[in-house]
There are 2 protein chains.
Amino acid sequence: MNALATQTSFPPYSPQSQAMAVAGPIDIDQLSRHVQILRRKLAPGQHAYRAGQSFHAIYLVHAGFLKTCELSEDGRERVTGFRMRGDLVGVESIGLAHYSCDVVALDDSEIWELPYPPVMHACLYMPELQSRLTAALAEEIRNDRAWMLALGTLSAEQRVAAFLLDMARRHLRLGFSARHFLLRMGRADIASFLGLKHETVTRALTRLDRLQCIEVQRREIRLLDADGLQRMAGQGETIH
Amino acid sequence: MNALATQTSFPPYSPQSQAMAVAGPIDIDQLSRHVQILRRKLAPGQHAYRAGQSFHAIYLVHAGFLKTCELSEDGRERVTGFRMRGDLVGVESIGLAHYSCDVVALDDSEIWELPYPPVMHACLYMPELQSRLTAALAEEIRNDRAWMLALGTLSAEQRVAAFLLDMARRHLRLGFSARHFLLRMGRADIASFLGLKHETVTRALTRLDRLQCIEVQRREIRLLDADGLQRMAGQGETIH
DNA sequence: CGTCTTATTGATATCCCTCAAGCTGTGTGG
DNA sequence: CCACACAGCTTGAGGGATATCAATAAGACG
């Protein structure tokens with residue numbers, strides 16, 4: 001039995017997590033004085049919301065792991081991102097009457113529901129909140145654009161490398177090992193996100209394993225040569 | 001000489017444009033009471049800003065046509081969008097010290113510079129502005145995600161069809177013909193935006209022409225069968 | 001232990017890219 | 001006004017990366 005297997009929920013709460021005042025970009029303690037925050041737990045496969053449901057709240061991921069899926073009229077579907085602790089979810093639907101995409105838990109998760117008109121109203125009393133929210137939206141755009149660049153200019157293998165590095169960085173930001181982690185999603189979800197087919201993702205992972213860049217065993221990933229991966233993905237910086 | 005050739009600048013000002021109170025998502029008349037709005041003219045090829053320049057303003061496109069380009073450390077580059085009258089530009093860099101991408105005019109253009117800290121400050125006096133700005137950011141995210149879905153699930157030909165429909169819709173929204181318009185960008189820019197090569201874009205256009213869906217002559221486009229294009233691009237609705 | 005889902009691997013097909021050449025329109029200078 | 005050069009577009013031939021189809025293997029779960 002390895003260490004990762006004991007992480008029943010991902011990411012596990014840090015010791016002070018219940019008391020943490022700032023989760024992600026939002027000052028929750030202060031916000032909770034103005035709006036009623038509901039905590040929702042989701043089992044793997046459950047939806048936080050679906051496209052078409054009436055928009056009433058944005059969510060802060062407190063624990064777990066989720067994916068956002070874009071859907072088209074004719075049934076095409078694509079994973080547009082993965083969300084973990086500290087990420088805001090639902091902001092893409094601000095200004096609409098109905099949510100525009102699906103959000104599905106990939107693991108046991110807890111999300112904090114921030115009812116939207118109240119949050120907007122609270123911005124009048126918390127100027128800080130307003131700029132945080134706007135900055136979070138802008139960062140979302142930059143993040144999407146960075147992936148657009150990657151998907152349009154990198155080969156399958158490079159995309160997978162970039163994906164692993166992104167996961168590693170986000171794990172690190174939450175205080176987990178960037179060198180050794182468990183993917184919370186299946187090959188098909190990775191493939192959808194990267195604009196590939198699941199067999200291609202598998203082959204890329206196998207190849208990176210053979211190149212001694214990583215060690216893969218199903219969903220368990222070990223980064224052996226992060227610098228090599230970064231060169232491959234066209235990124236200069238190192239994971240600290 | 002055809003009608004399009006007489007449109008020296010695109011889109012031309014509408015008769016009341018100088019007096020128009022609401023351009024795009026922002027109430028400019030009211031905003032101009034709070035912040036100093038500078039009008040900048042750009043010739044084709046000129047940059048509104050470049051990645052790395054210090055962030056000090058967002059822009060409202062008043063006339064003309066521009067592209068936004070994402071750049072990577074190792075020299076990869078990709079067009080992430082095209083902007084026309086009413087579009088906001090620069091919002092992706094909110095929260096940063098420096099702009100994160102390039103914005104280049106493709107045609108004679110005029111952009112209105114909205115200095116950013118002042119705009120943020122003005123939000124305190126104009127609650128409407130705040131929600132408009134947030135909604136504009138959210139729409140940007142949805143727009144990017146819709147293209148992510150398209151680029152990940154459509155063939156080259158379908159992408160080109162979707163691109164033409166998008167252009168047609170946006171022309172229509174500005175009061176121009178959706179059936180007959182001039183592309184402001186070259187094949188290479190379209191290709192970059194769609195994650196293709198310029199030869200592939202050319203071939204797709206030629207093919208759509210042969211299929212009698214459109215008529216192409218260099219940059220002049222005529223939509224002969226918008227419904228056919230829409231079916232092709234997996235979109236149900238019609239251009240009204 | 002059997003079933004089901006997920007992942008891996010292989011063989012082949014296809015779409016798009018690459019490279020190369022020719023074409024078209026535009027601008028420039030004689 | 002014409003000759004020329006140049007940039008952008010088009011077209012063709014061929015190759016390569018990824019998709020597709022199919023079979024097997026490995027876990028997960030009851």
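Everything quoted here is computed from the prediction, not taken from an experiment.
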Look at the side-chain N and O atoms of [X] and state whether any lies under 4.0 Å from the OP1 or OP2 oxygen of [N].
X: Arg218(B); N: dG8(D); value: no
X: Thr200(B); N: dC17(C); value: yes
X: Arg219(A); N: dA7(C); value: yes
X: Thr206(B); N: dT11(D); value: yes

What integer distance in Å separates [X]:[atom1] from [N]:[atom2]?
X: Arg187(A); N: dG27(D); atom1: CZ; atom2: C1'; answer: 12 Å
X: Gln158(B); N: dC15(C); atom1: CD; atom2: P; answer: 11 Å
X: Met185(A); N: dT5(C); atom1: CE; atom2: P; answer: 21 Å
X: Ile190(A); N: dT18(D); atom1: CD1; atom2: C1'; answer: 17 Å
X: Leu183(A); N: dT6(C); atom1: CG; atom2: P; answer: 15 Å
X: Asp209(A); N: dT9(C); atom1: CG; atom2: C1'; answer: 14 Å
X: Leu154(A); N: dC16(C); atom1: CG; atom2: P; answer: 19 Å
X: His198(B); N: dT10(D); atom1: NE2; atom2: C1'; answer: 10 Å

As a test of reading the structure: which of [options] is closest to the side chain of [X], going by heavy atoms?
X: Arg203(A); options: dA19(D), dC17(C), dT20(D); value: dT20(D)
X: Leu196(B); options: dT18(D), dC17(C), dT24(C); value: dC17(C)
X: Glu199(B); options: dT11(D), dT18(D), dC17(C); value: dT11(D)
X: Lys197(A); options: dT10(D), dC17(C), dT20(D); value: dT20(D)

Donor-acceptor contact below 3.5 Å, side chain Thr153(A) vs main chain Leu149(A):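 Checked: pair present.
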Under 4.0 angstrom, heavy atoms only, what part of the nucleic acid is Arg159(A) near: base, sugar-phosphate, or nothing?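 Touches nothing.
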Please lay out, stage by stage, how Phe65(B) and Arg83(B) fare under the test side chain to side chain contact (heavy atoms under 4.5 Å, CB included). CA-CA 6 Å; Phe65(B) 201 89; Arg83(B) 311 287 133 168; over 6 Å; no
Close side-chain approach of Leu137(A) to Ile141(A), heavy-atom, < 4.5 Å: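 Counting from C-beta outward, Leu137(A) and Ile141(A) never come under 4.5 Å.
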Step through the shown structure and confirm whether more than 12 heavy atoms of other residues, nucleotides or ligands are within 6.0 Å of CD on Gln158(B).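 Result for CD/Gln158(B): enclosed.
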Cationic N near anionic O, under 4.0 Å, Lys41(B) to Asp108(B):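 Here Lys41(B) does not pair with Asp108(B) in a salt bridge, since their nearest N and O are not under 4.0 Å apart.
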